[in-house]
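The block underneath contains the structure these notes are about, expressed in structure tokens.
For clarity, every value in this text was computed on a predicted model and none was experimentally measured.
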Amino acid sequence: MLDNLKKYNVVLASNSPRRKELLQRLGIPFKVRTLFGIDESYPDTLRGEDIVRYISRNKANAYRSSMGPDELLITADTIVYLQGEVMGKPHDADDARRMLRALAGQVHQVITGVTIITANDMENFAVTSQVKFSDLSDDEINYYVDRYLPLDKAGAYGIQEWIGLVAVEELRGSYFNVVGLPIQRLYQALKRF
């Protein structure tokens with residue numbers, strides 16, 4: 001599938017092991033390339049999907065000057081969004097605990113922005129999934145933070161880990177979006193390149 005991509009060298013601009021795994025599952029040959037120091041700030045007037053679309057587009061533009069004419073580059077950015085508050089990656093274990101306490105018993109959105117860019121084209125979109133967490137005790141939060149790696153995940157959790165098994169009561173939308181890449185929507189977009 002996606003034979004139309006054979007004319008490109010596909011590049012995933014991400015260090016995320018989850019994004020790499022999901023893209024591999026599509027059967028697309030790709031390379032990973034990362035730049036450090038990309039500005040991930042955004043205007044404070046942006047909300048929800050506009051935030052991640054803006055950041056993923058800025059990431060793509062940071063790579064533009066180093067792209068070859070036959071490259072197709074994919075960038076992404078994910079946030080957890082709770083009542084207007086953006087939860088990115090926690091700064092430390094205490095910040096992870098704070099985020100998980102805030103998410104406990106609440107419905108939040110996981111929003112991923114994706115940008116696909118070639119020498120002649122760009123597509124930028126966002127996907128939102130709604131996740132309802134059950135109440136969590138401090139013991140459960142501490143267990144997760146102490147035994148897993150929440151510091152590299154938006155909102156301090158990975159749905160595919162222990163916390164997803166015990167806390168996720170309901171999910172509306174793409175599971176894979178919550179993992180870190182809305183792979184079905186990305187597949188549909190890649191068919192047009």
Side-chain angles (χ1 to χ4, degrees), residues 1-81 84-89 108-131 152-155 158-159 171-193:
M1 300 306 300
L2 294 175
D3 287 342
N4 60 307
L5 296 184
K6 288 182 179 178
K7 62 188 173 203
Y8 296 112
N9 289 315
V10 177
V11 176
L12 175 65
S14 176
N15 266 331
S16 166
R18 293 160 300 279
R19 289 185 182 136
K20 291 177 203 172
E21 179 188 349
L22 291 173
L23 194 56
Q24 285 171 339
R25 287 180 173 185
L26 281 184
I28 302 168
F30 67 95
K31 294 181 268 186
V32 173
R33 184 182 313 145
T34 55
L35 296 175
F36 295 98
I38 295 176
D39 181 14
E40 294 189 20
S41 62
Y42 55 89
D44 60 7
T45 56
L46 298 180
R47 299 286 178 261
E49 290 189 354
D50 292 334
I51 294 170
V52 292
R53 290 182 69 210
Y54 180 91
I55 294 171
S56 72
R57 191 171 45 248
N58 277 358
K59 287 179 179 180
N61 285 330
Y63 285 86
R64 191 181 283 277
S65 65
S66 65
M67 284 180 60
D70 62 344
E71 286 187 330
L72 179 144
L73 182 88
I74 302 166
T75 62
D77 191 72
T78 301
I79 60 171
V80 168
Y81 202 59
E85 178 189 351
V86 174
M87 294 183 172
K89 296 175 185 172
H108 62 274
Q109 292 78 42
V110 178
I111 310 170
T112 302
V114 176
T115 301
I116 306 166
I117 189 171
T118 66
N120 301 314
D121 204 1
M122 176 191 283
E123 183 162 348
N124 177 253
F125 61 87
V127 173
T128 299
S129 301
Q130 288 206 85
V131 181
D152 72 336
K153 296 170 184 75
I159 193 171
L171 169 65
R172 285 183 166 178
S174 168
Y175 168 83
F176 295 111
N177 181 52
V178 182
V179 174
L181 193 62
I183 203 72
Q184 187 275 338
R185 178 70 170 80
L186 176 61
Y187 175 78
Q188 296 301 321
L190 288 171
K191 290 197 298 188
R192 294 188 288 275
F193 278 82

Answer yes or no: is there a donor N or O on one side and an acceptor on the other, between the side chain of Thr75 and the main chain of Ser56, under 3.5 Å? yes
Give the intermediate values and the outcome of side-chain contact (heavy atoms from CB on, under 4.5 Å) for residues Leu186 and Leu23. CA-CA 9 Å; Leu186 176 61; Leu23 194 56; 4.0 Å; yes
Minimum-distance pair of heavy atoms, taken over all atoms of Ser66 and Arg33: O-NH1, 3.9 Å
Is there side-chain contact between Phe30 and Leu72, with heavy atoms separated by less than 4.5 Å? no
Separation of Asn15 CG from Lys20 NZ (nearest 0.5 Å): 5.5 Å
Which heavy atom in Ala62 sits nearest to a heavy atom in Ser65, and how many Å separate them? O-OG, 4.4 Å
Output for pair (Ile159 CD1, Arg18 CZ), nearest 0.5 Å, gives 12.5 Å
side-chain contact (heavy atoms from CB on, under 4.5 Å) involving Glu123 - partner list, sequence neighbours excluded: Phe125, Arg185, Ala189, Arg192, Phe193
Salt bridge present between Glu40 and Lys89 (N-O < 4.0 angstrom): no
Roughly how far apart are Ile117 CD1 and Asn61 CG, rounded to 0.5 Å? 5.5 Å
Among Leu26, Asn177, Val127, whose side chain to side chain contact (heavy atoms under 4.5 Å, CB included) with Ile183 holds? Leu26
From Asn4 atom CG to Lys6 atom NZ, the distance as rounded to the nearest 0.5 Å: 10.0 Å
I'd like to check Ile28 versus Leu190 (side-chain heavy atoms, cut-off strictly below 4.5 Å). Are they in contact? yes
Do His108 and Met87 touch side chain to side chain, with heavy atoms closer than 4.5 Å? no
I need the Lys31 NZ to Asn9 CG distance, nearest 0.5 Å. 4.5 Å
Distance-only polar pair, side chains of Thr112 and Arg19, donor-acceptor under 3.5 Å: no
Quick one: OG1 on Thr78 to CD1 on Ile51, what's the gap to the nearest 0.5 Å? 12.5 Å
In terms of heavy-atom contacts, Ser14 and Ser16 come closest through OG-N, 3.0 Å
Val86 and Tyr42, any side-chain heavy atoms less than 4.5 Å apart: yes
Taking all non-hydrogen atoms of both residues, which atom of Leu73 and which atom of Ala13 are closest, and how far apart? CD1-CB, 3.9 Å
Between Met122 and Arg57, is any pair of side-chain heavy atoms under 4.5 Å apart? yes
Count the heavy atoms of every other residue, nucleotide or ligand shown that sit under 6.0 Å from CG of Asp121, and state whether that count exceeds 12. yes
Side chains of Glu49 and Thr128: closer than 4.5 Å at any heavy-atom pair? yes
If you define the side chain from C-beta out and look only at heavy atoms, does anything of Leu171 sit under 4.5 Å from Gln130? no
Do side-chain atoms of Ser129 reach the backbone of Ser174 as a donor and acceptor pair under 3.5 angstrom? yes
How close do Ala119 and Pro69 get, counting heavy atoms only, and between which atoms? CB-O, 3.9 Å
Under the side-chain contact (heavy atoms from CB on, under 4.5 Å) criterion, do Lys191 and Leu2 qualify, and how do the steps go? CA-CA 6 Å; Lys191 290 197 298 188; Leu2 294 175; 3.5 Å; yes
Set out, in order, the CA-CA distance, both residues' side-chain angles and the distance that settles side-chain contact (heavy atoms from CB on, under 4.5 Å) for Asn58 and Asp39, then state yes or no. CA-CA 8 Å; Asn58 277 358; Asp39 181 14; 5.7 Å; no
Phe176 versus Leu22, closest heavy-atom pair with distance: CD2-CD2, 3.4 Å
Indicate yes or no: at least one non-hydrogen side-chain atom of Tyr63 is less than 4.5 angstrom from one of Glu71. no
